[in-house]
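Here's the structure, in C-alpha cells; my notes come after.
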Amino acid sequence: MSNIKLIIEERPANIGNFMVGRLLPFREKRTVGPFAFIDHMGPVLLKDYENFDVAPHPHIGLSTLTFLFEGEIMHKDSLGTEVVIKPGQVNWMTAGRGIAHSERTPEYLRHTEKAMHGLQIWVALPKDLEQMEPEFCHVEEQDIPSWEQNNIQFKLIAGEAFGKKSPVPVYSPLYFLELKSTAKQKINIGDYLFGESALYILEGAIESDGHLFEPRQILIANDAKLCEFTMHENTTIYIFGGEAFPEERFIYWNFVASDKELIEKAKTRWLAQEFAPVPGETDFVPLPDQSKYIKH
C-alpha cells in the first residue's frame, strides 16, 4: 500500500502504484493532462419506443470526443453539421468561444431495438485558444492509426504516441489510445508516453503490484507515466493523457474555462439564447444549479 489512491464512493485509499477512480473528474483528481471529463455511456439496450435524445446544449473552452462501441448517434450543431457517428469513428467538436449541439438516435433507428455504448470525453483547450472559432471534425474508422505490437492491438484515436499521429485535430500535446489483448501478458509502455497519464478499463482486467483492477475503473499514474502492469486475456483498455496546463480549469455544467468570468458570460449568453441555434432543433435546456464550480 504505497502511492495509489482508490476512489470508491469518494473514499480514498492508497493501493500500489495507481490512483483509482470511477469517473473523471472525481474529488481527488479533476484533470489528467488536458482531459477534464470522461463519461462511459451504457451499455444499454433500447426498446423500439426508447431513444437516445440529448437536446441542444452549449459548450465553451473545450473539445468533445465521442467514440462508440455500439449504436449510432446523429450529431447536429450550430455550425450546421449533421453527421451520424458509428462504432469505431471519431466525432471531435471544438467549442472554443461557444457552440451548441444535439445528440439523438437517427430517424431510421427510432422505431427499432438498438444498443448504445461508448465514451464521451472532454479535452480542455489551451488558454490562448479558449476563445477560438468553433470547429467540427469527423474521422472514419479506417483513418485511425492501428497496429500490433508484442501481441497487443493498438489504436491511436487522438494525439501522438509511438511515433504515430492521429488525424483528429487536437490543440495541445496529448494521446488517447486503445489497447486490446487476447492473452495474458505484461505491458510496459511508459517510455512512449508523456505528461500525465491514466488508464481506463473497458473490459477484462489488469494487475499491478499484486492488485486486480476491473472494468469501469480509472487508474491514474502518480509518477506521470504508467508503470508496468499485466493485461488479462480478452482485455480492452484506454490510455489517455498529455501535458497539463499551467492554469487551473473551472467546470460549470458544459462550460470549461481558465477564468470564471468566461463561464459567467457563457451562462448569460445561453439564458439570453444568444448562442447560434442548431438548425432543425427547437428544444431549450435551462441552466442547472449554479451553486458551485468544479475545479482541480
Side-chain angles (χ1 to χ4, degrees), residues 31-39 41 52 54 56-106 116-147 154-178 238-243 245 249 254-257 266 275-281:
T31 59
V32 176
F35 289 81
F37 173 88
I38 293 181
D39 181 23
M41 304 182 297
F52 180 81
V54 180
H57 57 282
H59 290 283
I60 67 165
L62 54 79
S63 296
T64 63
L65 189 158
T66 302
F67 188 75
L68 297 181
F69 312 124
E70 294 181 276
E72 300 182 17
I73 296 175
M74 170 64 78
H75 165 99
K76 295 182 180 180
D77 63 41
S78 50
L79 297 174
T81 308
E82 185 171 325
V83 63
V84 174
I85 181 172
K86 299 181 180 182
Q89 301 173 342
V90 174
N91 271 6
W92 177 263
M93 184 183 74
T94 298
R97 62 180 178 79
I99 197 169
H101 74 128
S102 64
E103 299 163 288
R104 301 185 185 276
T105 298
M116 181 60 62
H117 190 198
L119 296 175
Q120 290 196 308
I121 294 168
W122 294 358
V123 181
L125 287 168
K127 185 174 182 178
D128 61 344
L129 293 177
E130 284 182 308
Q131 294 293 289
M132 68 180 284
E133 292 297 313
E135 297 178 351
F136 180 84
C137 177
H138 176 85
V139 178
E140 298 289 344
E141 181 178 12
Q142 64 266 23
D143 296 326
I144 297 172
S146 302
W147 69 99
F154 287 79
K155 282 186 181 179
L156 179 59
I157 297 167
E160 296 187 52
F162 292 85
K164 303 179 188 298
K165 183 176 181 179
S166 166
V168 174
V170 303
Y171 295 99
S172 66
L174 62 86
Y175 44 85
F176 181 54
L177 291 150
E178 177 188 86
Y238 292 86
I239 293 175
F240 61 95
E243 298 295 343
F245 298 130
R249 287 298 184 274
N254 303 309
F255 304 145
V256 175
F275 276 71
V278 178
E281 294 278 13

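Judged as a salt bridge (Lys or Arg N to Asp or Glu O under 4.0 Å), and not counting sequence neighbours, the contacts of Arg104 are Asp53, Glu281, Asp283. Applying the salt bridge (Lys or Arg N to Asp or Glu O under 4.0 Å) rule to Glu70 yields no partners; only residues at least two apart in sequence or on another chain are considered. Every residue was checked against the salt bridge (Lys or Arg N to Asp or Glu O under 4.0 Å) condition with Lys76, not counting sequence neighbours, and none meets it. Remark: Pro167 pairs with Val139, Asp143, Pro145 by the side-chain contact (heavy atoms from CB on, under 4.5 Å) rule, at least two apart or across chains. Under the side-chain contact (heavy atoms from CB on, under 4.5 Å) criterion, Ala158 pairs with Leu65, Val168, Val170, Leu174, Phe176, not counting sequence neighbours. Residues satisfying the ring-ring contact (aromatic ring centres under 6.0 Å, His included) test with Phe136, not counting sequence neighbours, are His75. The salt bridge (Lys or Arg N to Asp or Glu O under 4.0 Å) test applied to Glu141 returns Lys155, not counting sequence neighbours. Qualifying side-chain contact (heavy atoms from CB on, under 4.5 Å) partners for Pro277, counting only residues two or more places apart in sequence or in other chains: none.
Leu62 contributes atom CG, which lies 10.5 Å from atom CZ of Arg249 (distance to the nearest 0.5 angstrom). One finds the CG atom of Leu177 at 7.5 Å from the CZ atom of Phe154 (value rounded to the nearest 0.5 Å). With values rounded to the nearest 0.5 angstrom, His57 atom NE2 is found 10.0 Å from Phe255 atom CZ.
Annotation: side chain of His101 is not in contact with side chain of Val54 (no heavy-atom distance under 4.5 Å).
Here side-chain hydrogen bond (donor to acceptor under 3.5 Å, both in side chains) pairs that include residues 157-173, with residues two or more places apart or in two chains, are Glu135-Tyr171. For residues 93-102, every residue pair satisfying the salt bridge (Lys or Arg N to Asp or Glu O under 4.0 Å) rule, not counting sequence neighbours, is listed here: Arg97-Glu133.
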Chi angles and distances behind the ring pair (Phe, Tyr, Trp, His ring centres under 6.0 Å) call for Phe35, Tyr238:
CA-CA 13 Å; Phe35 289 81; Tyr238 292 86; over 10 Å; no
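In this structure, Ser102 and Val278 approach most closely via the heavy-atom pair OG-CG1, 4.2 Å. Considering all non-hydrogen atoms of both residues, Ala95 and Pro134 come closest at O-CB, 3.4 Å. Closest approach of Gly98 and Ile60 over heavy atoms only: CA-CG2, 3.9 Å. Scanning both residues, Phe275 and His59, for their nearest heavy atoms gives CE2-O, 4.0 Å. For the pair Ala161 and Tyr175, the tightest heavy-atom approach, listed with the atom from each and the gap, is CB-CB, 4.2 Å.
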Determine all donor-acceptor pairs shorter than 3.5 Å in which one atom belongs to a side chain in residues 79-90; sequence neighbours excluded.
{"unit_1": "Thr81", "atom_1": "OG1", "unit_2": "Asp77", "atom_2": "OD1", "d": "3.1"}
{"unit_1": "Thr81", "atom_1": "OG1", "unit_2": "Asp77", "atom_2": "OD2", "d": "3.1"}
{"unit_1": "Gln89", "atom_1": "OE1", "unit_2": "Lys86", "atom_2": "N", "d": "2.8"}
{"unit_1": "Gln89", "atom_1": "OE1", "unit_2": "His138", "atom_2": "NE2", "d": "3.3"}
{"unit_1": "Gln89", "atom_1": "NE2", "unit_2": "Glu140", "atom_2": "OE1", "d": "2.9"}

Give every donor-acceptor pair under 3.5 Å between a side-chain atom in residues 119-129 and any protein atom, sequence neighbours left out.
{"unit_1": "Gln120", "atom_1": "NE2", "unit_2": "Thr66", "atom_2": "OG1", "d": "3.4"}
{"unit_1": "Gln120", "atom_1": "NE2", "unit_2": "Glu103", "atom_2": "OE2", "d": "2.5"}

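At least one donor-acceptor pair under 3.5 Å links the side chain of Thr105 to the backbone N or O of Phe52.
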